[in-house]
Student: 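Please read through the structure below; I'll follow up with questions.
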Amino acid sequence: MREYKVVVLGSGGVGKSALTVQFVTGTFIEKYDPTIEDFYRKEIEVDSSPSVLEILDTAGTEQYQQVPVVLVGNKVDLEGEREVSPSEGQALAEDWGCPFMETSAKSKTMVDELFTEIVRQMDFCPLPDRSDTCCSACSLQ
Ligand code: GDP
């Protein structure tokens with residue numbers, strides 16, 4: 001089974017832990033408890049290939065370069081409080097040369113699709129020694 005290392009980055013409070021925990025356990029964390037660093041592991045099937053994701057949920061300040069990235073706008077369930085438009089997110093993703101996805105850890109919108117896309121990004125990565133991918137989360141709120 002192929003293993004994928006995923007790092008979740010972004011400012012505090014945007015929903016990095018909630019997204020990760022929703023994906024791994026299927027539950028939503030309501031309470032905000034600033035993360036220091038947590039490590040998770042989950043097996044999924046992506047395009048018929050069994051895959052193991054090792055996910056590092058960070059405090060958000062780390063810098064990673066040259067790795068495949070998926071830009072995430074989280075909290076899409078709070079549409080009425082939206083501060084980042086889909087076109088702004090899309091434009092930034094085009095600037096970074098990466099996919100953009102809007103998610104909600106609360107309503108489980110696009111959470112499985114997000115982590116599936118992360119695996120695909122690593123599979124498509126042309127350099128054989130690249131094993132880490134960043135999931136960079138920002139809040140749409
Ligand atoms: P982190 O610091 O980026 O890890 O943020 P957390 O995962 O701890 O989330 C911060 C707060 O936002 C918590 O109170 C979560 O319940 C809330 N939150 C996270 N994701 C969502 C979401 O998709 N929708 C809503 N409405 N709240 C969310």
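Order of appearance sets the numbers: ligands from 1, and atoms from 1 within every ligand. Quick note: numbers below take in every heavy atom, side chains included, and nothing from hydrogens, waters or symmetry partners.
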Student: I'd like the name of whichever of Lys108, Lys75, Glu102 reaches closest to atom 18 (N) of ligand 1 through any heavy atom.
Tutor: Lys75
Student: Taking side chain to side chain donor-acceptor pair (under 3.5 Å) as the definition, give me every residue that meets it alongside Glu113, ordered by chain and number, with sequence neighbours left out.
Tutor: none
Student: How close do Phe115 and Thr20 get, heavy atom to heavy atom, and via which atoms?
Tutor: CZ-CA, 4.3 Å
Student: List every atom of ligand 1 that sits less than 4.0 Å from any heavy atom of Leu78, numbering the atoms from 1 in the order shown and giving each element.
Tutor: 26 (N)
Student: For Met1, what are the other residues in its hydrophobic cluster, where any two members join if their side-chain heavy atoms are less than 4.5 angstrom apart?
Tutor: Val52
Student: Should Thr103 be counted as touching ligand 1, given the test is an N or O pair under 3.5 Å?
Tutor: no
Student: Got a donor-acceptor contact below 3.5 angstrom from the Asn74 side chain to the Val14 backbone?
Tutor: yes
Student: Report yes if some N/O of Ala105 lies less than 3.5 Å from some N/O of ligand 1; otherwise report no.
Tutor: yes
Student: Of all the heavy atoms in Gly10, does at least one lie under 4.0 Å from an atom in ligand 1?
Tutor: no
Student: What are the two closest heavy atoms between Leu71 and Gly89, and how far apart are they?
Tutor: CD2-O, 3.6 Å
Student: Could you check whether Glu3 pairs with Arg41 (Lys NZ or Arg NE/NH1/NH2 to Asp/Glu carboxylate O, under 4.0 Å)?
Tutor: yes
Student: Looking only at distances, can you tell me whether any N or O atom of Ser17, backbone or side chain, sits closer than 3.5 Å to an N or O atom of ligand 1?
Tutor: yes
Student: Which atoms of ligand 1 have any heavy atom of Ser104 under 4.0 Å away?
Tutor: 23 (O)
Student: Distance only, no hydrogens: is a donor on one side chain within 3.5 Å (strictly under) of an acceptor on the other, for Ser51 and Ser49?
Tutor: no
Student: Which bit of Ile29 is near ligand 1, meaning a heavy atom under 4.0 Å away: side chain, backbone, both or neither?
Tutor: backbone
Student: Examine Lys31 against ligand 1 and note whether any of their N/O atoms are separated by less than 3.5 Å.
Tutor: no
Student: Heavy-atom contacts with Gly12 under 4.0 Å: which atoms of ligand 1 show up? List them by number with element.
Tutor: 2 (O)
Student: Establish, yes or no, whether the cationic atom of Lys42 lies under 6.0 Å from the six-membered ring centre of Phe23 and within 45° of the ring axis.
Tutor: yes
Student: Suppose I only count heavy atoms of Lys16 and a 4.0 Å limit; which atoms of ligand 1 are within that range?
Tutor: 1 (P), 2 (O), 3 (O), 4 (O), 5 (O), 7 (O)
Student: Between Pro99 and Gln121, what is the shortest heavy-atom contact and its length?
Tutor: CG-NE2, 3.2 Å
Student: Would you kindly specify which portion of Ser11 sits under 4.0 Å from ligand 1, judged on non-hydrogen atoms: side chain, backbone, both or neither?
Tutor: backbone
Student: Mark up the atoms of ligand 1 that fall under 4.0 Å of a heavy atom belonging to Ala18, in ascending order.
Tutor: 7 (O), 19 (C), 20 (N)
Student: Does only the side chain of Glu30 get under 4.0 Å from ligand 1, or the backbone, or both, or neither? Count heavy atoms.
Tutor: backbone
